[in-house]
Structures are given as C-alpha cells and as structure tokens.
Amino acid sequence: MGKFVQFNARLFAPGADLTGASNKVELSSEIEDKDTTNYYSNGWKEVIGGLGSAEISAEGQWEAGDPSRVDDASWATLGGIGPYTVCPDTSTVGALAYLTAGMRADYKLGDAVGEVAPWTGTVKSSWPLVRGQIAHPPGTARTATGTGTILNLGAIPAGKRLYAALHVLSASGTTPSITARIETGDATLSAPTTRLTFAAATAPGGQVLRTDGTAITDAYARVAWTVTGTSPSFMFAVSLGIR
C-alpha cells in the first residue's frame, strides 16, 4: 500500500461494524521508557522498555435503535473488554488490519442545536496492538460450513503469538450457530492444524484469542467455520496477526 488520501477506513467493535457512523479513527501504540542511566553512561541518558499500551479513538455521527448502531454497541461494551479491528482502507481478504483486545474506556455524545449529533469513544488496550491482515471479509454471508482464503502470515517464532479477532456482525435463521477456528499448515493446507477455536456464536458479538507463545513453523493460515441450524446465515469479519 502506497501513499493515499484516507477516504475510507473500517472499524469493527465486538459485534458491530461502525464504519458507516464514523468519520475519524486514530491508533496509537507506545512503550514506557524506564531510566537506567548510570555513571558508565558517559553523560547520556539510557533507557529500557517498560510497559506497553495502545489506544483506539474514534468519532462520527450518532445513531441508535439497533445492536449494530454506535449508541447501542457503545453502551453494551462500555467498561468491558472485547476485540477491535481497524483497517486503514478496505476490509478485503489480505488487507492490512490492526487488531487488539481492549476496554471501551469512554463514550461521549451530543452537541449544540443545529449540529449533526456526534459521538466519540476510546478503547484502551489489554493486549498488544497487532499488525495483521483480514482473513474473512465482512460483506460475505456464510450459510454453510466452509473455509476461507489461505494467507501467508509467515512462521511464528518462539515467544511470539498468533492473534485472531472474530466479529460476528449478524446472525439469522432458526437456532443458527457458527464455530470459527484458525488453521495453519503448508501452502495448500491439505492437512491443517487447528491453532485457535472460538466459542460457538449464535448472535452478533466479538471474540479474540491468541496462541501460547510456542513456535509454529507453519507459514500459512486461514479461518474455517462450522455452521448449523435451520436456514442459518452469518455475516462476520476475522483478522489475524503475529506479535
């Protein structure tokens, strides 16, 4: 991705796609610097890294009356920890994405008479901010068990983790249920290994998982899902990354 003017960005907040109600989103990530200056520092300050943190802040036009709208979604998650995924441009498979598990820390709404009613909100990280890719696009409905596109994420060295965020945006049918999992393997994933399995979802919502830090030599990954129920249909987005 080269230089571009930001006309589009995607924002997924647990089980809601807030893109259509957002006009600004900012990401930040930092590591505390801890002073280790001593007499051998030769007059120069020395530091080492301390605690890390990340933040997502967003704003846009206020809407309410449905779980997919910003007011309903914000009240449902305020003070809670869930998955958040931000794409700088599109949310097609393979598109650049940033994901984290974070706490919805604040929510503000309202302005003067005559103004388009606004909202602002902030998410404080509980997990690292991870740079990854979209593994499943939000605009493709799934009505049966299947697998997604294979992505080349690269091998995961010891001490690093595979992170995955699932955003179930809609669910319909009679007793619909979807269980998503993350598989890794060779370039064809002919004999995949399941690395992460999300809890079965029957309604909009979000989940985030990560591996335990054990090395994974597989370079390729995908999302797979099992769908059950009568006439089920799900819209969902999945992001993957290594950190």
Side-chain angles (χ1 to χ4, degrees), residues 12-15 27-36 46-56 77 79-88 91 93-105 123-136 147-168 178-201 205-226 236-243:
F12 303 102
L27 305 173
S28 64
S29 184
E30 64 179 9
I31 304 295
E32 288 181 343
D33 58 286
K34 295 298 184 179
D35 195 329
T36 59
E46 294 185 28
V47 298
I48 58 174
L51 295 175
S53 64
E55 182 176 298
I56 302 172
T77 57
I81 296 174
Y84 292 84
T85 298
V86 177
C87 304
S91 54
V93 172
L96 176 63
Y98 297 88
L99 61 142
T100 191
M103 181 187 74
R104 188 62 178 268
V123 172
K124 306 283 188 177
S125 66
S126 292
W127 286 5
L129 184 65
V130 180
R131 186 178 188 270
Q133 301 178 45
I134 291 293
H136 189 276
T147 58
T149 301
I150 297 172
L151 299 175
N152 184 357
L153 295 181
I156 305 171
K160 301 289 187 179
R161 303 181 188 222
L162 173 63
Y163 291 77
L166 167 67
H167 305 274
V168 177
I178 183 170
T179 302
R181 63 189 182 275
I182 306 302
E183 300 176 337
T184 66
D186 61 16
T188 64
L189 261 76
S190 56
T193 299
T194 298
R195 301 295 180 179
L196 299 168
T197 301
F198 295 99
Q207 301 177 52
V208 61
L209 297 173
R210 60 184 176 184
T211 56
D212 61 6
T214 302
I216 297 175
T217 57
D218 299 337
Y220 296 86
R222 71 183 177 194
V223 59
W225 55 89
T226 301
F236 62 96
V238 175
S239 54
L240 301 177
I242 298 169
R243 180 157 182 174

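Values below: every heavy atom of this structure, side chains too, minus hydrogens, waters and symmetry copies.
Closest non-hydrogen pair, Thr85 versus Ala165, comes out as OG1-CB, 3.8 Å. Between Thr179 and Ala200 the shortest heavy-atom distance is OG1-CB, 3.4 Å. Scanning all heavy atoms of the two residues, the minimum distance from Ala97 to Cys87 falls at CB-SG, 4.0 Å. For the pair Asp186 and Ser190, the tightest heavy-atom approach, listed with the atom from each and the gap, is OD1-N, 3.6 Å. Residues Gly50 and Lys34 come closest through the heavy atom pair CA-CG, 4.0 Å. Closest heavy-atom contact between Ala155 and Pro157: O-CD, 3.6 Å.
Side-chain contact between Ser239 and Phe12: absent, with no pair of heavy atoms (C-beta onward) separated by less than 4.5 Å. Under the 4.5 Å side-chain criterion, counting only non-hydrogen atoms from C-beta, Val208 is not in contact with Tyr163. Looking only at side-chain heavy atoms (C-beta outward), Val223 and Leu240 stay at 4.5 Å or farther from each other. Counting heavy atoms from C-beta on, the side chains of Ser53 and Lys124 never come closer than 4.5 Å. Inter-residue side-chain proximity for Trp127 and Leu99 is flagged as unmet; no heavy-atom pair is nearer than 4.5 Å.
Distance check: Ile56 CD1 to Tyr84 OH gives 8.0 Å after rounding to the nearest 0.5 Å. For the atom pair Arg222 CZ and Arg181 CZ, the distance stands at 8.0 Å (nearest 0.5 Å). Distance CG/Leu162 to OG1/Thr184: 7.5 Å, rounded to 0.5 Å. To the nearest 0.5 Å, atom CD1 of residue Ile150 and atom CG of residue Leu189 are 4.5 Å apart. For the atom pair CZ of Arg210 and CD1 of Ile182, the computed distance is 15.5 Å after rounding to the nearest 0.5 Å. The distance from the CG atom of Leu196 to the CG atom of Asp212 is 9.5 Å, given to the nearest 0.5 Å.
Looking only at distances, no side-chain donor or acceptor of Asp218 sits under 3.5 Å from a matching main-chain atom of Tyr220. A distance-only check finds no donor-acceptor pair linking the side chain of Gln133 to the backbone of Leu151 [under 3.5 Å]. Side-chain N or O atoms of Arg161 include one that pairs as donor or acceptor with a backbone N or O of Thr211 at under 3.5 Å. Side-chain N or O atoms of Arg243 include one that pairs as donor or acceptor with a backbone N or O of Leu129 at under 3.5 Å. Between the side chain of His136 and the main chain of Ala237, no donor-acceptor pair closer than 3.5 Å is present.
When the options Ile216, Leu209, Ile156, Thr214 are evaluated for a side-chain contact (heavy atoms from CB on, under 4.5 Å) with Arg195, the one that passes is Ile216.
The aromatic rings of Trp225 and Phe236 sit perpendicular, their planes meeting at an angle over 60°, well past the 30° parallel limit.
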